[in-house]
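Working notes, structure below.
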Protein chains: 2
Amino acid sequence: MESARKQEIIAEAAQLFATRGYHATSMRDLAKALALQGGSLYSHIDSKEELLWLIVDEAASQFLAMLHAVTASDTPPEATLRDAVRGHVGVIANDLAAATVYFHEWRFLTEPRRSAFLARRRDYEARFRQIVAAAVVDSPAVDPKWATTLILSATNWLYQWYDPAGPLPPDELADRYITMLFHGILMPQPVP
Amino acid sequence: MESARKQEIIAEAAQLFATRGYHATSMRDLAKALALQGGSLYSHIDSKEELLWLIVDEAASQFLAMLHAVTASDTPPEATLRDAVRGHVGVIANDLAAATVYFHEWRFLTEPRRSAFLARRRDYEARFRQIVAAAVVDSPAVDPKWATTLILSATNWLYQWYDPAGPLPPDELADRYITMLFHGILMPQPVP
DNA sequence: CCTATACTTACGAACGCTCGTTAGCCTTAA
DNA sequence: TTAAGGCTAACGAGCGTTCGTAAGTATAGG
């Protein structure tokens, strides 16, 4: 359980790491954004890398919790996959800064945190693949492994350009992606 | 026209920037990889950022040259799009380090190079969108803008995981992606 | 209610080190 | 004789982090 002040520091760090990058953000930059002196941060945190870890690990928890919620209900496989894509997009859009750090800055973690991160990400991808496999079970030409890679690749890229203040809500974007991914972009007639 | 020695420096810088990141790679790291002393690099280059720019700008040229080659021949729209996706994947797979720097480290460019980079990238995406638009002209439910975003998002992510030494050749990977993107992942019968 | 004690949060200075870059000198080959 | 390409040494700035200290707040004992 982190104190309220520490949560503020983590949130500000996520913003700065996302916009400037982890190594290009100094502890004094972070302190200045919080109206503190550089050394004062260390009343709350152990190290700069701890901040990176807390941001990245919390994001991993968000992704995994979302998948658990999606698979808990008893819906048809295609609907479950649709919910998972919506959820994945939602986690990213909900905290874009954290998602950016999760996708872009994780590699600056050192061991053993780096391995811990990778294990959680592998776990997430494996669970996601099971959902995809169930949805494409009647499509013999589609390999669930590559379908999963395609879906997660397309959606992970969101953090590079998505603007939460823009006109496109996350669910609407997800539905557009889902329609194209499910039925292809070469559709002579509209989806019924 | 860069000298042979400078090309070596650029290539090594691309490797290091890709694996460690731009800001986490010091000029002394780069010099050591080339069996030089730190200061000696400056006989060949003006600054660290010039290296970043040369890598990123060359990659942009590769992408644009590929698109020009693809659109030069007189093929049906769908085949042109297929060639463009193959080409995009090919440019990434051909020089994974340069592609990684192109996608991951460009934001550390300062003005005016940052704007120059973004202009070239916008140009590329606009040309790609025209190819997509021609291919999906008979698919009223598909917006070329979002189809382009989907295709480029999925393929850009390649640099995160693709291993040129692995068992999957770039063209084969591209064809798998194209099949799913064109016809969707929910296909009760195989594509004829 | 008052006081003693401890805890929290911050300051400001400093530590040892690394950063990108520059200057001047030396060697080699054309 | 010149020029290219390497060396060593150094510059000022900034890095993450630690330190001693102090003010403010909460808690507990009498």
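Keep in mind the model is a prediction, meaning the values are calculated, not measured.
Atom CD1 of A/Ile45 and atom P of C/dT9 are 14 Å apart (whole Å). Note: CG (B/Asp29) to P (C/dT18) measures 11 Å, nearest angstrom. Between the CD atom of B/Glu8 and the C1' atom of D/dA4 there is a distance of 15 Å, rounded to whole Å. Rounded to a whole Å, the NE2 atom of B/His23 is 12 Å from the C1' atom of D/dC15. Rounding to whole angstrom units, CG of residue A/Leu41 and P of C/dA10 are separated by 9 Å. Here the P atom of nucleotide C/dC7 and the NZ atom of A/Lys6 are 18 Å apart, to the nearest Å. Following rounding to the nearest Å, A/Glu50 (CD) and D/dT17 (P) show an atom-to-atom distance of 10 Å. Atom pair A/Met27:CE and D/dT17:P shows a separation of 6 Å (rounding to whole Å applied).
With hydrogens and angles left out, the side chain of A/Arg28 and the base of D/dG14 share no donor-acceptor pair within 3.5 Å.
Remark: A/Gln37 is not in phosphate contact with C/dA10, judged by side-chain N or O atoms under 4.0 Å from OP1 or OP2. Applying the 4.0 Å criterion to OP1 and OP2 of C/dT8, one finds that A/His44 has every side-chain N and O outside that range. Checking the phosphate oxygens (OP1, OP2) of C/dT22, no side-chain nitrogen or oxygen of B/Tyr42 falls inside 4.0 Å. In this structure, B/Ser26 does not reach the C/dT18 phosphate: none of its side-chain N or O atoms is under 4.0 Å from OP1 or OP2.
With respect to A/Lys6 and A/Glu50, a salt bridge is recorded, a charged nitrogen being found less than 4.0 Å from a carboxylate O. Contact check on B/Arg120 versus B/Asp57 returns a salt bridge, with a Lys/Arg side-chain nitrogen under 4.0 Å from an Asp/Glu carboxylate oxygen.
A/Trp106 carries A/Arg121 over the face of its six-membered ring, with the cationic atom under 6.0 Å from the centre and within 45° of the normal.
Panel note: side chain A/Ser26, backbone A/Asp29; a donor-acceptor pair is recorded below 3.5 Å.
Nucleic acid contact class of A/Arg5 (heavy atoms, under 4.0 Å, all strands): sugar-phosphate only. Base contact: A/Ser43 has a heavy atom under 4.0 Å from a base atom. When heavy atoms are screened at a 4.0 angstrom cut-off, B/Ser40 is found touching base atoms of the nucleic acid.
Between B/Phe17 and B/Tyr22, the two ring planes are perpendicular [angle over 60°; tilted spans 30° to 60°].
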